[in-house]
Amino acid sequence: MTGVICGTGSYVPTQILDNHRLSELVETSDEWIRERTGVIRRHIATEETTVSMAAEAGRRALKDAGMDSKEVEMILVSTISSNVILPCAACEVQKILGAEHAVCFDLNAACSGFLFAYQTAQAYIAAGMYRKILVIGSESLSDLTNWKDRSTCILFGDGAGAAVLKAAKGRTFISAAHSDGNSAEALTCSSRHRRDWKDRPEEETYMQMDGRRVFQFAVKKVPEVVTELLDANQVKAEEIDYFLLHQANRRIVESAAKRMGLGIEKFPMNLQEYGNTSSASIPILMDELRRNGTLKKGQKLVLAGFGAGLSWGASLLEWQL
Ligand code: ACO
């Protein structure tokens with residue numbers, strides 16, 4: 001048995017923060033941000049929370065799948081920006097959706113989170129433990145952003161995306177995933193709940209990043225892990241219709257395409273509209289491509305995530321909707 005995506009959904013906040021407005025908050029410019037990152041605007045949660053966005057994306061995905069919430073056997077929420085530490089966001093989503101039969105837990109692998117949650121769901125389905133799983137990536141990164149730090153605040157945005165996986169007969173693809181805790185300091189964010197927080201600089205409770213290091217890591221590891229994935233499944237890069245990469249920076253996506261010797265048209269992007277939404281970026285992109293008719297039954301897709309940890313990975317799937 002393999003997990004087939006039978007529905008997608010997403011939600012982004014209505015409040016928009018564009019580069020021009022941002023340049024009134026920190027010393028930067030629309031030109032600099034567009035050129036270095038590709039981002040033009042991002043959506044910022046005001047009324048919304050990580051949980052409310054996750055629930056709405058999940059509700060839309062279930063509607064798309066034609067599945068009642070009571071049928072859902074597992075809810076996985078990938079997030080680094082949950083409203084509260086306890087209970088987990090997935091249990092809150094369960095309550096909102098009335099998915100009373102689901103087993104629920106969160107997963108934190110930063111920008112690789114949705115991908116790792118998708119792989120986890122596939123493993124549960126392959127083991128025969130669950131047949132209907134709702135996988136969600138949801139982030140309110142604006143809560144973790146230091147709005148005085150121009151090197152990071154230009155990058156991030158808020159939103160949620162979701163996919164419903166259903167067990168079906170079909171080819172099970174081998175996936176690829178890696179972590180490197182030795183490089184953890186490249187991208188960090190301390191908990192405000194740490195016992196020693198009051199003695200530490202406030203900046204540490206926001207995302208801090210060695211941008212150049214993360215950039216170099218991403219442009220090297222993404223092509224490597226995609227090649228590993230394709231080799232393991234004996235699929236050629238030319239057979240892939242679309243590569244859905246984590247939407248961190250246009251230059252990272254362009255560099256990955258170039259290193260793989262593939263046309264950029266196979267690498268759809270929406271980071272210009274949403275910025276980097278961490279674990280929500282891949283499912284938001286997937287849902288947009290489904291809704292605008294880009295994705296067609298039988299197409300082969302590669303999903304690739306990378307981010308804090310450091311962590312990175314890729315999965316291959318055949319689109320069935
Ligand atoms: N506006 C204007 N100037 C700026 C800004 C800004 N917003 N930010 C930095 N600068 C300046 C710097 O001070 C520096 O000036 P200097 O040369 O006088 O010292 C200059 O611009 C160049 O800075 P760099 O950091 O070298 O710029 P770079 O081209 O590397 O771009 C960026 C920075 C966009 C952050 C890039 O490194 C990047 O995208 N890194 C990857 C980030 C990422 O993708 N993270 C993903 C994981 S996120 C997760 O897991 C939660």
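All ligand and atom numbering here is 1-based and tracks the order in the structure.
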Quiz item: Which is it for Lys221 and Asp180 under the salt bridge (Lys or Arg N to Asp or Glu O under 4.0 Å) test, yes or no, and what are the steps along the way?
Solution: CA-CA 11 Å; Lys221 293 298 183 185; Asp180 173 18; over 6 Å; no

Close side-chain approach of [X] to [Y], heavy-atom, < 4.5 Å:
X	Y	value
Glu185	Arg213	yes
Ser278	Ile80	yes
Asp241	Trp319	no
Tyr274	Gln247	no

Heavy-atom pairs closer than 4.0 Å: do any link ligand 1 to the side chain of [X], the backbone, both, or neither?
X	answer
Arg251	side chain
Leu141	neither
Ile252	side chain

Quiz item: When only distance counts, is His246 in polar contact with ligand 1, meaning an N/O pair under 3.5 Å?
Solution: no

Residue [X] vicinity, atoms of ligand 1 by number, heavy atom under 4.0 Å:
X	answer
Gly307	50 (O)
Asn276	46 (C), 48 (S)
Thr28	1 (N), 2 (C), 6 (C), 7 (N)
Thr37	34 (C)
Ala248	44 (O), 46 (C)

Which residue and non-hydrogen atom of the protein lie closest to [atom], and at what distance in Å?
atom	value
atom 11 (C) of ligand 1	Arg150 NH2, 3.6 Å
atom 47 (C) of ligand 1	Leu187 CD2, 3.7 Å
atom 40 (N) of ligand 1	Gly211 O, 3.0 Å
atom 22 (C) of ligand 1	Arg36 NH1, 3.6 Å
atom 21 (O) of ligand 1	Trp32 CZ2, 3.4 Å
atom 25 (O) of ligand 1	Arg212 NE, 4.3 Å

Practice problem: Give the single entry among Ser29, Ala110, Cys111 that approaches atom 51 (C) of ligand 1 most closely by any heavy atom. | Solution: Cys111

Quiz prompt | Closest to atom 36 (C) of ligand 1 among Thr152, Leu22, Val214, Asn249 (heavy-atom distance) | solution = Asn249

Quiz item: Have Asp158 and Ser142 got a donor and an acceptor in their side chains that come within less than 3.5 Å?
Solution: yes

Quiz item: Quick one: do Asp64 and Arg290 make a salt bridge, cutoff under 4.0 Å?
Solution: yes

Quiz item: Using 4.0 Å as the upper bound for N to carboxylate O, is an ion pair formed by Lys258 and Glu254?
Solution: no

Self-check item: Closest heavy-atom pair and its distance - Ser140, Thr49
Solution: OG-C, 3.8 Å

Quiz prompt | Residue-ligand contact Ala218/ligand 1, heavy atom below 4.0 Å | solution = no

